[in-house]
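Quick notes on the structure that follows.
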Protein chains: 2
Amino acid sequence: MTSTTARAAGRASERALADLRTAILDGDLAAGAHVGEVETAERLGLSRTPVREALTRLAAEGLVELEAHRGARVTRFSRADLDGIFDVRLALEPRATARAAAHATPADLDALEALARRMQELGAPGPGQDLDALVELNRDFHARLLDLAHAPALAAALGTVVHTPVVTRTFRAYDPDSLARSLAHHVEIVAALRAGDGDWAGAVMRCHLGNARAVMVGAR
Amino acid sequence: MTSTTARAAGRASERALADLRTAILDGDLAAGAHVGEVETAERLGLSRTPVREALTRLAAEGLVELEAHRGARVTRFSRADLDGIFDVRLALEPRATARAAAHATPADLDALEALARRMQELGAPGPGQDLDALVELNRDFHARLLDLAHAPALAAALGTVVHTPVVTRTFRAYDPDSLARSLAHHVEIVAALRAGDGDWAGAVMRCHLGNARAVMVGAR
DNA sequence: GTCTCCGGCGTTGTGTGCAACGTAGGGTGC
DNA sequence: GCACCCTACGTTGCACACAACGCCGGAGAC
């Protein structure tokens with residue numbers, strides 16, 4: 001059990017998978033939208049077969065839902081779903097963050113810190129603010145952190161349920177205080193990791209997720 | 001995001017999926033065994049198409065691994081993998097167990113207790129001992145408990161990574177003391193739930209998993 | 001004797017055609 | 001006017017055929 005690499009070679013099915021995934025994650029395919037096989041196949045210049053395979057895999061990831069003879073629909077996340085997802089994140093990500101303390105090299109930490117600082121710049125109020133650019137950087141930050149935990153099973157469990165870009169599709173929902181807190185958390189996590197203190201890093205991650213949950217889901 | 005039911009109607013692909021899954025979980029397909037598409041299709045009297053779909057989904061679940069142009073192999077779990085899986089279980093199952101306290105009805109608890117008692121009977125040393133029968137009952141117990149948590153995202157995260165029957169394919173690895181402890185834990189969990197004490201129930205589950213980890217993985 | 005190259009074989013990857021299922025619309029009966 | 005049925009359409013589900021790729025074995029050269 002190494003990676004869920006899956007049918008990596010299939011160029012066509014891989015293309016269909018990547019295309020559909022980004023389309024969903026970027027919001028080009030709205031939640032609840034119908035994803036037809038022929039329609040998608042024609043758009044990509046492929047046959048239905050690789051598209052079918054891509055849809056099957058996306059369904060396994062939870063990004064689309066398949067109804068027999070009725071096709072695929074982009075998954076719609078309810079408030080309760082979001083809340084449940086934060087439960088899982090809170091159970092797993094702080095643990096992963098804590099573990100990262102034992103494995104992160106100085107180079108890893110430098111890269112993480114660069115990301116965290118860049119996010120603070122882009123998130124700072126003013127003419128240079130670019131909330132949209134934060135999404136991708138945020139995804140990268142959390143992905144790197146997860147990778148540093150060296151816990152593939154944990155990463156798999158998180159990955160299946162938490163589609164960060166779907167959950168955190170935008171930072172526009174954040175009020176200025178919450179946003180500042182969130183971006184400061186990233187920096188603090190790096191500091192905790194530099195100190196080799198996994199407990200501290202995990203605690204910051206718990207704060208980070210609590211803050212995000214309040215913004216995305218609302219009061220508990 | 002309700003359930004990962006997926007292409008529920010497809011009778012053929014559903015059959016292929018069920019067949020392969022049970023074959024793997026029951027050990028008929030050994031870890032590392034090659035699963036050919038044509039071979040499987042002929043065995044089930046189907047074409048390769050539904051078999052392919054089943055394999056794709058099993059790969060997403062982590063039960064098989066797909067290598068491009070080289071087919072599917074039954075996933076082989078290393079000691080480190082097992083350990084990682086227990087990490088995830090320890091992070092999620094106690095939480096789910098605690099949540100079950102809020103939702104379980106007396107009828108649910110009676111059913112759980114019946115399972116726990118029956119397992120104690122079957123596990124007791126003597127002529128009536130049937131360690132093989134425990135596997136299925138154990139799966140049932142944990143599944144019901146997880147269901148009572150009313151936390152679909154949590155269940156999904158667990159389900160993707162933890163294939164209980166693969167992990168706990170046999171109770172023969174348990175020494176008498178560990179086995180007795182494990183079966184007593186089930187009963188204690190029910191008692192804690194009856195008391196409405198989620199913290200207690202979660203703590204027992206942590207014990208239960210710690211005990212299992214020691215048996216399956218060995219000393220930490 | 002060993003290493004390398006090449007060809008055959010078996011596998012998976014993809015495209016296409018047909019059948020089955022679900023749905024929506026119009027028509028008919030009450 | 002309303003409810004029900006029936007038909008036609010569009011979709012997905014499955015099977016089959018062909019192409020592409022990887023692997024293994026044999027022959028040749030060094």
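All values below were derived from every heavy atom in this structure, side-chain atoms included, with hydrogens, water molecules and symmetry-related copies excluded. Predicted, not measured: the structure shown is a model, and the values here were computed from it. Every chain is numbered from 1, with letters handed out A, B, ... down the list of sequences.
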key: Separation of D:dT12 C1' from A:Glu39 CD (nearest whole Å)   = 14 Å
task = Respond yes when some side-chain nitrogen or oxygen of A:Arg52 is under 4.0 Å from OP1 or OP2 of D:dT12, and no when none is.
result = no
query = Do the charged groups of B:Asp110 and B:Arg117 touch, with an N to O distance under 4.0 Å?
reply = no
message = Heavy-atom nearest nucleotide on DNA chain C for A:Pro50 versus B:His34: which residue maps closer to 5'?
response = B:His34
Protein and nucleotides 21-23 of chain D: nitrogen or oxygen contacts under 3.5 angstrom:
from   : atom 1 : to      : atom 2 : distance (Å)
D:dC23 : OP1    : B:Arg70 : NH1    : 3.4

task = Using the test side chain to side chain donor-acceptor pair (under 3.5 Å), find all partners of A:Arg43 that sit at least two apart in sequence or belong to another chain.
result = A:Asp19
task = Let me know the distance between CG of A:Leu44 and C1' of C:dG15, rounded to the nearest Å.
result = 15 Å
remark   = Result for 5'-nearest mapping on DNA chain D, choosing between B:Ser47 and A:Gly71, is A:Gly71
ask   = What bend angle does the helix from C:dG1-D:dC30 to C:dC30-D:dG1 show across its length, from five-pair end axes and to the nearest 10 degrees?
value = 10°
task = Measure the distance from CG on B:Leu66 to P on C:dT11 and round it to the nearest whole Å.
result = 16 Å
query = Does B:Arg95 have any salt bridge (Lys or Arg N to Asp or Glu O under 4.0 Å) partners at least two apart in sequence or in another chain, and if so, which?
reply = none
inquiry  = Could you tell me how far apart A:Glu37 (CD) and C:dT14 (P) are, to the nearest whole angstrom?
reply    = 15 Å
message = Rounding to an integer number of Å, can you tell me how far B:Glu14 CD sits from C:dA20 P?
response = 20 Å
task = Look at B:Arg118 together with B:Asp130 and state whether they make a salt bridge at an N to O cut-off of under 4.0 Å.
result = no
key: Salt-bridge contact A:Arg139-A:Glu136 (side-chain N to carboxylate O under 4.0 Å)   = yes
task = Provide the full list of ring pair (Phe, Tyr, Trp, His ring centres under 6.0 Å) pairs with a residue in residues 78-107 of chain B, sequence neighbours left out, each pair given once.
result = B:His103-B:His150
remark   = With the side chain defined as heavy atoms from C-beta on, B:Arg48 is closest, among C:dT16, D:dA15, D:dC18, to D:dC18
note = Whole-Å distance, A:Glu42 CD to C:dG15 P, equals 13 Å
key: Side-chain ion pair, B:Arg144 and B:Asp140, N-O less than 4.0 Å   = yes
task = Can you tell me which residue pairs pass the ring pair (Phe, Tyr, Trp, His ring centres under 6.0 Å) test with a partner in residues 15-52 of chain A, sequence neighbours excluded?
result = none
key: Expected output: side-chain A:Asn211 to main-chain A:Ser178 donor-acceptor under 3.5 Å   = yes
ask   = Side-chain N or O of B:Thr49 less than 4.0 angstrom from OP1 or OP2 on D:dC14?
value = no
